[in-house]
Amino acid sequence: MSAAPGPSEPTRTRRWFTVSVVVLAIAGLGVWGWSQDRAQDRRLEQEASEPTAWQLREQWAEVAAESALVVGLPPEPAKDEQHPLTCERPDGRQGSSFFIPSYEGDPVPDSAVQDLVRTWQALGYTVSSSGEPGSRSIGVTGPDGAYMLFSVGPHGAGLMGETGCAPEQGGA
């Protein structure tokens with residue numbers, strides 16, 4: 001009895017090639033899936049380490065209260081809206097921001113405005129200014145995208161702003 005002849009050399013090579021391609025494709029898909037999971041894990045870790053929109057609101061509410069005291073505005077906010085605003089984050093995802101409590105009062109002297117500029121600069125903010133003494137506006141933008149504006153004129157003074165766009169949940 002003779003044994004049945006085995007597959008020819010070209011057939012064996014084709015089989016090994018096909019098996020190798022399938023194995024490499026499966027391995028490639030596994031590596032791709034792993035890298036996608038890692039990218040999402042990094043994004044979630046980054047988001048979890050940044051403050052939430054409400055935490056930013058609380059931080060900026062403190063800056064606003066301190067700023068109002070520096071210029072001599074009444075210590076109680078004129079408006080304190082606490083509902084979130086929807087915004088788009090730089091990465092295209094949805095986030096939230098809040099209005100910073102606003103303060104209003106009588107006109108303040110230019111020396112008080114200068115004190116506020118120094119206070120904001122001491123906090124590390126870049127301050128912009130427009131107008132003239134007695135009728136001017138100064139603004140500050142924080143590293144988180146928040147802004148605050150203080151305006152003074154012959155009829156009164158006011159402080160208002162909005163936090164930067166941040167995740168609604170997560171947080172430091």
Checklist entry - Around atom CG of Asp106, are there more than 12 heavy atoms of other residues, nucleotides or ligands at under 6.0 Å? => result no

Item to check | Heavy-atom closest contact (Pro101 atom, Ala64 atom, distance) | outcome: O-CB, 3.9 Å

Checklist outcome for this item: What one should report as the nearest heavy-atom pair of Arg89 and Glu50 is NH2-OE2, 2.9 Å

Checklist entry - Is there side-chain contact between Val71 and Tyr103, with heavy atoms separated by less than 4.5 Å? => result no

Checklist entry - After noting the C-alpha distance and the side-chain angles of Trp120 and Thr126, does the key distance pass the side-chain contact (heavy atoms from CB on, under 4.5 Å) rule? => result CA-CA 8 Å; Trp120 283 351; Thr126 302; over 6 Å; no

Item to check | 4.5 Å side-chain heavy-atom contact, Met160 and Lys79 | outcome: no

Checklist entry - Taking C-beta and beyond as the side chain, do Tyr147 and Val140 meet within less than 4.5 Å on heavy atoms? => result no

Checklist entry - Do you know which two heavy atoms are closest between Gln94 and Thr86, and how far apart they sit? => result OE1-CG2, 2.7 Å

Item to check | Interatomic spacing from CG in Leu116 to CG in Leu69 - rounded to 0.5 Å | outcome: 11.0 Å

Next on the checklist: Return the SG to CD distance between Cys87 and Glu162, rounded to the nearest 0.5 Å.
Outcome noted: 7.5 Å

Next on the checklist: Can you confirm whether Phe98 sits close enough to Leu85 that some side-chain heavy atom of one is under 4.5 Å from a side-chain heavy atom of the other?
Outcome noted: no

Item to check | His155 atom NE2, neighbour heavy-atom count above 12 within 6.0 Å | outcome: no

Checklist entry - Nearest 0.5 Å, what's the CG-CD distance between Leu56 and Gln59? => result 5.5 Å

Checklist entry - How close do Glu168 and Thr52 get, heavy atom to heavy atom, and via which atoms? => result O-CB, 3.9 Å

Next on the checklist: Would you say that Thr163 contacts Asp144 through its side chain, given a criterion of any heavy-atom pair below 4.5 Å between the two side chains?
Outcome noted: no

Item to check | Path from Val152 to Val127 over hydrophobic side-chain contacts below 4.5 Å | outcome: yes

Checklist entry - Which pair of non-hydrogen atoms, one from Arg136 and one from Ser129, has the smallest distance, and what is that distance? => result NH2-OG, 2.9 Å

Next on the checklist: I'd like to know if Val117 and Leu73 are part of one continuous hydrophobic network [Ile/Leu/Val/Met/Phe/Trp/Tyr, side-chain heavy atoms within less than 4.5 Å].
Outcome noted: yes

Checklist entry - Rounded to the nearest 0.5 Å, what separation is found between the OG atom of Ser102 and the CG atom of Leu159? => result 8.0 Å

Checklist entry - Parallel, tilted or perpendicular for Tyr125 and Trp60, by the 30°/60° rule? => result parallel

Checklist entry - Between CD1 of Ile100 and CG of Leu149, what distance do you get to the nearest 0.5 Å? => result 10.5 Å

Checklist entry - How long is the span from the CZ atom in Phe99 to the NE2 atom in His83, to the nearest 0.5 Å? => result 6.0 Å

Checklist entry - In this structure, are over 12 heavy atoms from other groups packed under 6.0 Å from Glu132 atom CD? => result no

Checklist entry - Considering all heavy atoms of both residues, which atom of Ser67 and which atom of Met148 are nearest to each other, and what is their separation? => result OG-CE, 4.3 Å

Checklist entry - Would one find more than 12 heavy atoms of other residues, nucleotides or ligands at under 6.0 Å from atom CD of Glu62? => result no

Checklist entry - Is there a donor-acceptor pair closer than 3.5 Å between any side-chain N or O of Ser97 and the backbone N or O of Gly164? => result no

